[in-house]
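If you read the sequence from its start, that first residue is 1, and numbering goes on from there. Keep in mind that what you see is a predicted model, and the values were worked out from it rather than measured.
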Amino acid sequence: NKDESSTIQHLNKAQAVVYGGHLWLIGEDLNGRWARKFVDNTWQKLEFKLDSNYNTDWTQGGHSAVAFNGYIWVAGSFICSTHATCNASILRSADGIKWNPVKTPSAKEVMSRRSFSPMVVFDGKLWISGGDHSNHWSDVAYSDDGQTWTKTNMQLKNFAPRTEHQLVEFNGSMWLIGGAAATDNDITKTSISLKNDIWYSSEGETWQPVEDVLFTARHKHQVVIFDSGSGEEMWLIGGFGRKENDDSDGDSNHLKYEYE
């Protein structure tokens, strides 16, 4: 399907979200940032307007997007002139056109600027995990209004700070899957290892690992919840991994991961 001028192409790490009964794509192409809405089998390209009162710019990709409390929320991958100016890397919009940076009083303590940090709606709250800016992060934080954020007190043995992982809600729990992790908890990113671990939590504080994971280590993958006819399941799709005895990145195949 086509929009007014071209097919959907040259997208940079776009994020999809269902909002207001429509499918939306939020990201950047060769001409700058945009939002697109799928209406009547056609993609409509919307002008992306940032509130002029905020000195905030959007870099390429690395963001996440969810629908929550009557808005589309986008987190991650922003540049501010000073940390105090933008406080945290969060925007929201009610119409997909006008976007307002969210002023978060707890930003300096909780929501440091970061990208590639997945966000999910769970238990009536926004949750965000990990990501990187100058360091890798291993934290989990939540907010019931998108402005005031609280870090959980999770203590995970053998859980490395990471980025480009997935965080989804499924079967009454949050699930944190894979990613690119700092080796030996080296948050400065001088040494990176890919992960195939899975952690889950029903309340965000206590996280349990899943044993005997079948898929190979990877990052930049997607996880969706889908019912193929036998009930909802988590599906893991794509990503980048490493072939055995090969230090270069390679594409990973899609697969279905079932948890009962």
Side-chain angles (χ1 to χ4, degrees), residues 11-17 25-29 33 56-66 68 72-80 83 86-92 101-102 104 107 110-122 126-143 146 149 151-152 154 156 159-169 174-183 185-199 207 215 217-224 236-242 249-252:
L11 307 185
N12 184 43
K13 302 179 180 70
Q15 292 291 303
V17 61
L25 283 175
I26 314 253
E28 280 193 338
D29 60 18
R33 54 182 175 259
T56 304
D57 198 8
W58 190 356
T59 65
Q60 295 181 348
H63 57 288
S64 55
V66 299
F68 176 71
I72 303 174
W73 298 73
V74 173
S77 193
F78 301 94
I79 292 177
C80 307
H83 193 94
C86 117
N87 282 324
S89 309
I90 302 175
L91 296 178
R92 72 177 186 182
V102 177
T104 59
V110 178
M111 287 295 294
S112 300
R113 285 181 293 170
R114 62 185 74 195
S115 59
F116 299 105
S117 48
M119 183 166 57
V120 69
V121 177
F122 175 73
L126 288 171
W127 296 75
I128 198 165
S129 164
D132 73 77
H133 178 48
S134 57
N135 296 328
H136 273 135
W137 304 100
S138 61
D139 54 357
V140 172
Y142 64 90
S143 173
W149 289 82
K151 278 189 178 180
T152 67
M154 71 173 196
L156 301 182
F159 182 83
R162 68 189 61 201
T163 184
E164 296 174 338
H165 52 295
Q166 284 288 292
L167 183 68
V168 298
E169 185 277 330
M174 285 185 291
W175 299 74
L176 194 157
I177 303 170
T183 303
N185 294 325
D186 175 15
I187 65 173
T188 61
K189 304 188 291 186
T190 56
S191 181
I192 298 296
S193 66
L194 301 184
K195 295 294 183 181
N196 68 337
D197 53 352
I198 299 177
W199 300 78
W207 292 76
F215 61 86
R218 66 190 68 194
H219 64 149
K220 300 181 181 178
H221 50 289
Q222 291 292 319
V223 177
V224 298
L236 187 151
I237 304 170
F240 284 87
R242 286 194 173 95
D249 284 341
D251 290 312
S252 299

| query | What's the spacing between L194 CG and R162 CZ if we round to 0.5 Å? | reply | 10.5 Å
| If you measure from CG on L167 to OG on S129, what distance do you get to the nearest 0.5 Å? | 5.5 Å
| Which atom of S138 lies closest to which atom of P161, heavy atoms considered | CB-CA, 3.6 Å
| Q166 side-chain N/O to V223 backbone N/O, donor-acceptor pair under 3.5 Å | yes
| remark: In terms of heavy-atom contacts, A180 and E164 come closest through CB-OE1, 4.2 Å
| field | Pairing residues for S143 by the side-chain contact (heavy atoms from CB on, under 4.5 Å) criterion, not counting sequence neighbours | value | D145, W149
| field | Validation row: F116, K220 side chains within 4.5 angstrom (heavy atoms) | value | no
| message | Within this structure, what is the CZ-CG distance for the pair R92 and L126, rounded to the nearest 0.5 Å? | response | 10.5 Å
| said: Classify the ring geometry of F122 against W127: parallel below 30°, tilted from 30° to 60°, perpendicular beyond 60°. | reply: perpendicular
| message | Looking at every heavy atom in both K151 and D139, which two are closest together, and how far apart are they? | response | CE-OD2, 3.0 Å
| query | Out of curiosity, I177 CD1 to I198 CD1, how far, rounded to the nearest 0.5 Å? | reply | 5.0 Å
| field | Residues which pass side-chain contact (heavy atoms from CB on, under 4.5 Å) with S117, listed by chain and number, not counting sequence neighbours | value | R114, I128
| said: Has H165 got a side-chain atom pairing as donor or acceptor with K195's backbone, closer than 3.5 angstrom? | reply: no
| said: One pair to check against side-chain contact (heavy atoms from CB on, under 4.5 Å): M119 and I90. What are the steps and the verdict? | reply: CA-CA 11 Å; M119 183 166 57; I90 302 175; over 6 Å; no
| query | Which heavy atom of V120 sits nearest a heavy atom of M174, and at what distance? | reply | CG1-SD, 4.0 Å
| note | CG of N196 to CZ of F215, rounded to nearest 0.5 Å, is 5.5 Å
| request: Looking only at non-hydrogen atoms, find the nearest pair between I26 and H63 and report the distance. | output: O-NE2, 2.8 Å
| So how far is it from F240 CZ to H221 NE2, rounded to the nearest 0.5 Å? | 12.5 Å
| query | Closest approach of A65 and Q15, non-hydrogen atoms and distance? | reply | CB-CB, 4.0 Å
